[in-house]
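Remember, it's a predicted structure, so these values are computed and weren't measured experimentally. To find a chain, count down the sequence lines: A is the first, B the second, and so on, and within it residues start at 1.
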Amino acid sequence: MSETFQAPRGTRDIFPPESDRWRALAAAFADHVSLAGYGQVIPPMFEDLAVFSRVGESTDVVRKEMFVLAARDGEAHQALRPEQTASVCRMFAQHRPPLPWKAWYAGPNFRYEKPQKGRYRQFDQVGLEVLGPDDADVDVEVIALAWRFYERVGLRQVRLLLNSLGDGPGRVRYVEALRVHFGAHLDALSEASRETLAQNPLRVLDSKRPEDAALVAAAPQLADYLSEPDAEHFARVRRGLDALGIPYQLEPRLVRGLDYYTRTTFEFAADALDAAQNAVGGGGRYDGLVADLGGPAVPGVGFALGVDRILLACDAEGAFPPPRAGVEVFVVSTTPGTEAVELCDELRRAGVRVDRAFDGRSMKSQMKAADRSGAVVALLIGDREAAERVVTMRPMHGGEQRTVGRDDVLRELRPMLDGPSGADH
RNA sequence: GUGGCCGUAGCUCAGCUCGGUUAGAGCGCCAGGUUGUGGCCCUGGAGGUCGGGGGUUCAAGUCCCCUCGGUCACCCCA
């Protein structure tokens, strides 16, 4: 067993029909956000280490979960991306596309974590970002697009958690208040949280350790520290969501794992998901990130949705089954000639989905293969058919088989194939 | 990084408690029963260094130690 290779820890090999489902989900997302004017961007899968460092020196993502690439000189300057928001902002800072800039993306990210259900070292996300507008309506649009996407794939048991982290002076005062609050009870705080406090007091609120629960509950409320504009912004976000009938749950302790978030933050929890990792998406505003990456002071807001977890949640809810795949026609040939290769080629060029058997197996064996392929029709070419330039068409789900002229196959076949499920996807 | 549970055919598992002749089943795969025809049925076949290493023993899939891997959870997050 030690001689055989296997996929690296935390990665998975995906086969049909699951891979068909992945493709369908990505296609659904592309279609979904195209309707709202977003264009796809494809950033590289690795970046300068510093690009990701900007998302937060104090975060686990940066401190211990980065897949750092060893360069030839032995120095580490680059890393596989742990998320794509930073890459997209770097793209913006570098190329300066016109504002507002609405971009979506899809693809794998990498975090060096210990795997468990719903958490992998390579995981796929689809997401989008809007750079430029400061308008709360953009926050609403972004959240709504995520919410409607879950609806679109058929998920029902998703909860939207919403918070505002504030920004500017209010944020500074709040962080200071937290530092004072937790600092006064250091001995009551868990070891891990004491360390977090030194790095980023906000994130202590995120602690789920039981020993911290009382202190976290007694902590100052962020809402009391929001500046007037930030409070107004947040109110507008909520009003927009109300208008769209999108339910949300205010979660004052939702600070999220990346340091760049300001003001609106949100997360989507899949309640049907029987796993500890039940966040199927999240995002928020990051008004300072582009500037941190050397760009202009342009505000931004966006989200990322976890493809792996969405699909797990779909499993739990019986939603989004794999699309029909496979072929419609199967060619069975027991002749030594080129009839089968020619027939397959002709039909495929006409857009018919065709497979066949190889290695000169017996007709019985090939018929079994035809059955397994899911084809609606089998086309048989034995010595008799070859000699007479004809093909026997056998319906696989009942009906009389008949023999037609070789040149009439395509025309005779068409009515036997059930329309739309045919040539597309 | 820490902890619980689990590693026997391609897959799902029995056998391990109380060590003992050629390690089993179902499904899947291949072939035959029908010398040109699938699904059901019947028969046969291929396929396993029992995760790896060490130890105990006359004898280890079975007992002990180590190790690797998987999985779930903590932490954190998609």
Q: Residues of residues 265-284 of chain A with any non-hydrogen atom less than 4.0 angstrom from an atom of RNA chain B: list those, numerically ordered, please.
A: A:Ala275, A:Ala276, A:Gln277, A:Ala279, A:Val280, A:Gly281, A:Gly282

**Q.** Side-chain N,O (A:Gln116) to OP1/OP2 (B:A73) below 4.0 Å
**A.** yes

Q) Should the pair A:Asp407-A:Arg389 be classified as a salt bridge under the 4.0 Å nitrogen-to-oxygen rule? A) yes

Q. Whole Å only: how far is the CZ atom of A:Arg361 from the P atom of B:U37?
A. 16 Å

(Q) Taking atom types as they are modelled, would you say the side chain of A:Arg9 forms a donor-acceptor pair with the base of B:G69 within the 3.5 Å cutoff? (A) no

**Q.** Any donor-acceptor N/O pair under 3.5 Å between B:G39 base and A:Asp371 side chain
**A.** no

Q | Exam field: side chain A:Asp308 to backbone A:Gly118, donor-acceptor pair closer than 3.5 Å | A | no

Q | B:A78 OP1/OP2 closer than 4.0 Å to side-chain N/O of A:Arg119 | A | no

Q: Can you run through RNA chain B from 5' to 3' and write each base as (, ), [, ], | or . depending on how it pairs? Watson-Crick or G-U wobble, both distances under 3.5 Å.
A: (((((((..((((......[...)))).(((((.......))))).....(((((..]....))))))))))))....

Q: Decide yes or no, distance alone: a donor-acceptor N/O pair under 3.5 angstrom between the base of B:G36 and the side-chain of A:Glu385.
A: yes

Q. Quantified in whole Å, what is the P atom distance between nucleotide B:G38 and nucleotide B:G32?
A. 11 Å

Q: Ignoring backbone atoms, test whether A:Ser365 places a side-chain nitrogen or oxygen under 4.0 Å from the OP1 or OP2 oxygen of B:A31.
A: yes

Q) Over how many whole Å does the gap from A:Arg111 atom CZ to B:G1 atom P extend? A) 18 Å

Q) Atom NZ of A:Lys117 and atom P of B:U71: how far apart are they, to the nearest Å? A) 12 Å

Q. For the pair made of NE2 in A:His397 and P in B:G39, what is the distance, rounded to whole Å?
A. 14 Å

**Q.** A:Tyr174 side chain vs A:Leu202 backbone, donor-acceptor pair below 3.5 Å
**A.** no

Q. Taking the inter-plane angle between the rings of A:His32 and A:Phe29 on a 0 to 90° scale, is it parallel (under 30°), tilted (30 to 60°) or perpendicular (over 60°)?
A. tilted

Q: Ignoring hydrogens and angles, answer whether the base of B:G38 and the side-chain atoms of A:Arg394 contain a donor-acceptor pair closer than 3.5 Å.
A: yes

Q.
At less than 3.5 Å, do the side-chain atoms of A:Gln401 and the base atoms of B:U37 form a donor-acceptor pair?
A. yes

Q. When you match A:Tyr112 and A:Val307 each to their closest nucleotide on RNA chain B, which lands nearer the 5' end?
A. A:Tyr112

Q. Less than 3.5 Å between a donor and an acceptor, one on the side chain of A:Lys364 and one on the base of B:U34, is that the case here?
A. no

Q. Can you tell me if A:Asp206 uses its side chain to pair, donor with acceptor, with the backbone of A:Val255 under 3.5 Å?
A. no

Q: Give the ring-plane orientation class for A:Phe266 versus A:Phe303, where under 30° counts as parallel, over 60° as perpendicular and anything between as tilted.
A: perpendicular

Q: Verify whether the ring centers belonging to A:Tyr112 and A:Phe110 lie closer than 6.0 Å.
A: no

**Q.** Test item: A:Arg356 side-chain N/O and A:Val329 main-chain N/O as donor-acceptor pair under 3.5 Å
**A.** no

**Q.** Euclidean distance, atom CZ of residue A:Phe110 to atom P of B:A78 [Å, nearest integer]
**A.** 16 Å

Q | No-hydrogen, no-angle side-chain donor-acceptor test under 3.5 Å, A:Asp139 and A:Thr264 | A | yes

Q) With rounding to whole Å, what would you report as the distance between B:C64 and B:G20 at their P atoms? A) 15 Å

Q) How long is the line joining CG of A:Asp13 and P of B:G70, in whole Å? A) 12 Å

Q) If you find the nucleotide of RNA chain B closest to A:Gly118 and the one closest to A:Pro115, which residue's nucleotide is nearer the 5' end? A) A:Pro115

